[in-house]
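In what follows, every heavy atom counts, from backbone to side chain, and hydrogens, waters and symmetry copies are set aside. Lettering follows sequence order; numbering is per chain, from 1.
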Amino acid sequence: MARVTPLSGFPEWLPDGRVVEQHVLDVLRRTFELHGFAGIETRAVEPLDQLLRKGETSKEVYVLRRLQEEGEDASADGGRGEKQLGLHFDLTVPFARYVLENAGRLAFPFKRYQIQKVWRGERPQEGRFREFVQADIDVVGAGELPYHYEVEVPLVMAEALGALREVGLPPVRVLVNNRKVAEGFYRGLGLSDVEGVLRQIDKLDKIGVEKVAELLVAEQGATAEQAAACLDLAAIHGSDTTVVDDVRKLAARYDAATDLLETGLAELGALIEAAGARAPGVVVADLRIARGLDYYTGSVYETLLVGHEQLGSICSGGRYDTLASDGKNTYPGVGLSVGVSRLVSRLLSAGLMTATRGVPTAVLVAVTDEDHRAQSDAVAAALRARGIPTDVAPSAAKFGKQIKVADRRGIPFVWFPGEEHQVKDIRSGEQVGADPTTWAPPAEDLHPRVVPGE
RNA sequence: GUGGCUAUAGCUCAGUCGGUAGAGCGCCUGGUUGUGGUCCAGGAGGUCGCCGGUUCAAGCCCGGUUAGCCACCCCA
């Protein structure tokens with residue numbers, strides 16, 4: 001048999017892992033719908049020029065090509081002029097296109113969730129995949145989008161992730177910043193290359209304060225004092241509105257106050273205040289969060305798993321003043337995206353969350369001998385009719401083997417048909433008489449459950 | 001795209017100084033009268049990633065190649 005090797009970056013779970021993933025997806029979806037987000041799905045491909053819009057040349061896009069393309073249509077370019085297609089690398093670009101395409105039929109502000117696979121042609125490693133699932137929520141407005149949505153979106157996400165706590169998800173920390181604060185502060189200092197400064201600040205975790213200070217001077221042309229100011233700003237963090245005062249004081253000290261800074265601070269303060277009341281301890285302002293250098297214009301978010309910070313952000317997003325635009329109308333939006341595959345891969349590899357079994361089956365009906373298989377099928381039918389997931393033994397092997405079949409799969413009950421039916425809980429060994437038309441397993445054994453790992 | 005490491009049984013790995021392969025787990029069979037897990041006995045299973053080179057002889061040395069892992073970059 002040909003040797004099969006896993007394809008790096010294209011994760012696949014075993015059935016019990018899939019149970020965990022499916023549970024995570026269910027909880028996310030339920031929470032999103034609870035908050036009024038409507039579900040959509042967009043096609044997997046977009047025209048390549050659309051995907052590469054916004055100058056995102058760094059994104060590694062998988063391009064779609066037909067096997068028969070060559071030879072068949074040397075005239076394709078001159079003829080149909082088919083657009084080159086690429087697999088989407090996130091759900092925001094397709095959503096923006098979808099909004100424009102359906103603007104006349106959507107009601108704004110439009111709240112949608114979208115859970116789909118995305119593809120990125122990057123070099124994979126732990127927690128980084130080339131094919132992975134994202135779960136996005138966004139709110140998009142026509143022309144304008146009130147700031148309170150920038151407060152709502154991370155709180156919905158905090159609630160969704162919070163709902164997974166009981167099955168083993170570690171606590172999460174949503175780090176927030178506001179692009180206007182950073183931009184206002186830097187401009188107030190006299191630094192005009194806001195993106196450049198942010199890019200350096202983003203390296204703080206990796207290379208440390210001193211190196212970043214050097215880079216700010218060398219690359220961004222900052223004075224030592226300006227660099228120090230940027231680093232002081234980046235050092236500010238906290239979960240209450242004192243961070244706003246801290247920034248104001250800092251700005252005053254460097255004489256860097258601007259209107260833009262004040263606007264940003266007001267927004268950030270409102271977010272922190274609301275979050276403190278609605279999800280205490282979850283949302284933390286962190287003035288060094290940069291995120292998606294080019295397109296975010298207001299709040300930016302990043303989410304860490306407490307105890308797994310090395311994994312990177314499992315959920316991030318922000319506010320775009322121009323999520324989509326058709327030239328005449330602009331559609332601002334704010335959204336967050338959960339990296340479901342990254343999250344689930346860690347939950348599984350670290351044993352944080354496990355499924356009680358990998359098969360849906362609650363009962364395995366034994367087969368006495370092949371001549372009596374119909375009797376076992378009848379028992380199974382009776383159980384299934386009452387919603388009990390049931391399977392029939394693959395062969396009329398010795399009962400010990402049939403029990404083993406159940407054990408290997410985590411099926412909790414084995415049914416022995418006969419004059420007097422009996423059902424055995426193979427975990428306890430307890431075996432009792434039972435009637436296929438009335439017996440039911442305990443509620444907790446009816447379906448696989450997801451539980452915290454050991 | 002750049003750099004480092006790795007590739008031997010289904011899985012995790014050992015294999016000394018070059019002398020045609022081992023362990024643990026798993027799997028199969030048996031331990032009598034149809035009830036698993038523990039225990040005991042036995043058994044199956046490997047083109048040592050692939051191609052080439054050196055050598056009397058290569059899992060081991062050399063070159064190439066493919067794949068995987070890790071780091072950088074970037075990001076979910």
I need the [atom1]-[atom2] distance between [X] and [N], as an integer number of Å.
X        : N     : atom1 : atom2 : value
A:Asp90  : B:C74 : CG    : P     : 18 Å
A:Leu91  : B:C75 : CG    : C1'   : 14 Å
A:Lys203 : B:C74 : NZ    : P     : 6 Å
A:Glu126 : B:C69 : CD    : P     : 11 Å
A:Phe129 : B:C69 : CZ    : P     : 9 Å
A:Glu60  : B:G1  : CD    : P     : 8 Å
A:Leu7   : B:G68 : CG    : C1'   : 11 Å

Gap in Å between the two [atom1] atoms, one belonging to [N] and one to [M], rounded:
N     : M     : atom1 : value
B:U65 : B:U2  : P     : 12 Å
B:U16 : B:C74 : C1'   : 45 Å
B:U33 : B:U38 : C1'   : 23 Å
B:A7  : B:C48 : P     : 15 Å
B:C17 : B:C62 : P     : 14 Å
B:G4  : B:G37 : C1'   : 45 Å
B:C61 : B:U54 : C1'   : 8 Å
B:U8  : B:A21 : C1'   : 8 Å

Student check: side-chain heavy atoms of [X] and [Y] closer than 4.5 Å:
X        : Y        : answer
A:Glu131 : A:Tyr62  : no
A:Glu21  : A:Val133 : yes
A:Arg319 : A:Leu145 : yes
A:Arg373 : A:Val392 : yes
A:Phe185 : A:Leu287 : no

Which pairs would a plain distance check flag for residues 152-176 of chain A, meaning a side-chain donor or acceptor within less than 3.5 Å of a matching protein atom at least two apart in sequence or in another chain?
residue	atom	partner	partner atom	Å
A:Glu152	OE2	A:Lys111	NZ	2.8
A:Glu159	OE1	A:His35	NE2	2.9
A:Glu159	OE2	A:His35	NE2	3.1

Going by modelled atom types, is there a donor-acceptor pair between the base of B:C74 and the side chain of A:Arg128 at under 3.5 Å?
yes

For a quick check of understanding: with a heavy-atom distance under 4.0 Å over all strands, which category does A:Gly312 fall into, base, sugar-phosphate or nothing?
nothing

What nucleic acid atoms does A:Gln125 come within less than 4.0 Å of, heavy atoms only: base, sugar-phosphate, or nothing?
base

Interface residues of residues 30-40 of chain A with RNA chain B (non-hydrogen, below 4.0 angstrom):
none

Where along residues 337-344 of chain A does a heavy atom come under 4.0 Å from RNA chain B, residue by residue in number order?
A:Gly339, A:Arg342

Do A:Tyr331 and A:Phe108 have ring centroids that are under 6.0 Å from one another?
yes

Is the centre of the A:Phe129 ring less than 6.0 Å from the centre of the A:Phe10 ring?
no

Counting neighbours of CD on A:Glu12 that are heavy atoms of other residues, nucleotides or ligands and sit closer than 6.0 Å, is the number greater than 12?
no

Does atom CD (A:Glu444) have a neighbourhood of more than 12 heavy atoms from anything else shown, all under 6.0 Å?
yes

Can you tell me how far CZ of A:Phe416 sits from CD of A:Gln431, rounded to the nearest 0.5 angstrom?
5.0 Å

Treating [X] as the side-chain partner and [Y] as the backbone partner, does any N or O pair qualify as donor plus acceptor under 3.5 Å?
X        : Y        : value
A:Thr354 : A:Gly453 : no
A:Arg120 : A:Phe89  : yes
A:Thr437 : A:Asp435 : no

Output a table of nitrogen or oxygen pairs between the protein and nucleotides 2-4 of chain B separated by less than 3.5 Å.
residue	atom	partner	partner atom	Å
B:U2	O4	A:Arg123	NH1	3.3

Read 5' to 3' with Watson-Crick or G-U pairs under 3.5 Å, [ ] for crossing pairs and | for partners on another strand, RNA chain B gives (((((((..((((.....[..)))).(((((.......))))).....(((((..]....))))))))))))....

Map A:Ile314 and A:Ser8 onto RNA chain B by nearest heavy atom, then report which one ends up closer to the 5' terminus.
A:Ser8

Does NZ or CZ of A:Arg427 lie under 6.0 Å from the centre of the six-membered ring of A:Phe413, at an angle within 45° of the ring axis?
yes

Going by the side-chain hydrogen bond (donor to acceptor under 3.5 Å, both in side chains) test, name the single residue among A:Glu267, A:Arg179, A:Glu150 that passes it with A:Ser299.
A:Glu150

Per-nucleotide protein contact string for nucleotides 28-44 of chain B (B base, S sugar-phosphate only, - none; heavy atom under 4.0 Å)
SS----BBBB-------

Scanning both residues in full, the closest heavy-atom pair of A:Pro417 with A:Val379 reads CB-CG2, 4.3 Å

Side-chain ion pair, A:Glu183 and A:Lys180, N-O less than 4.0 Å
no

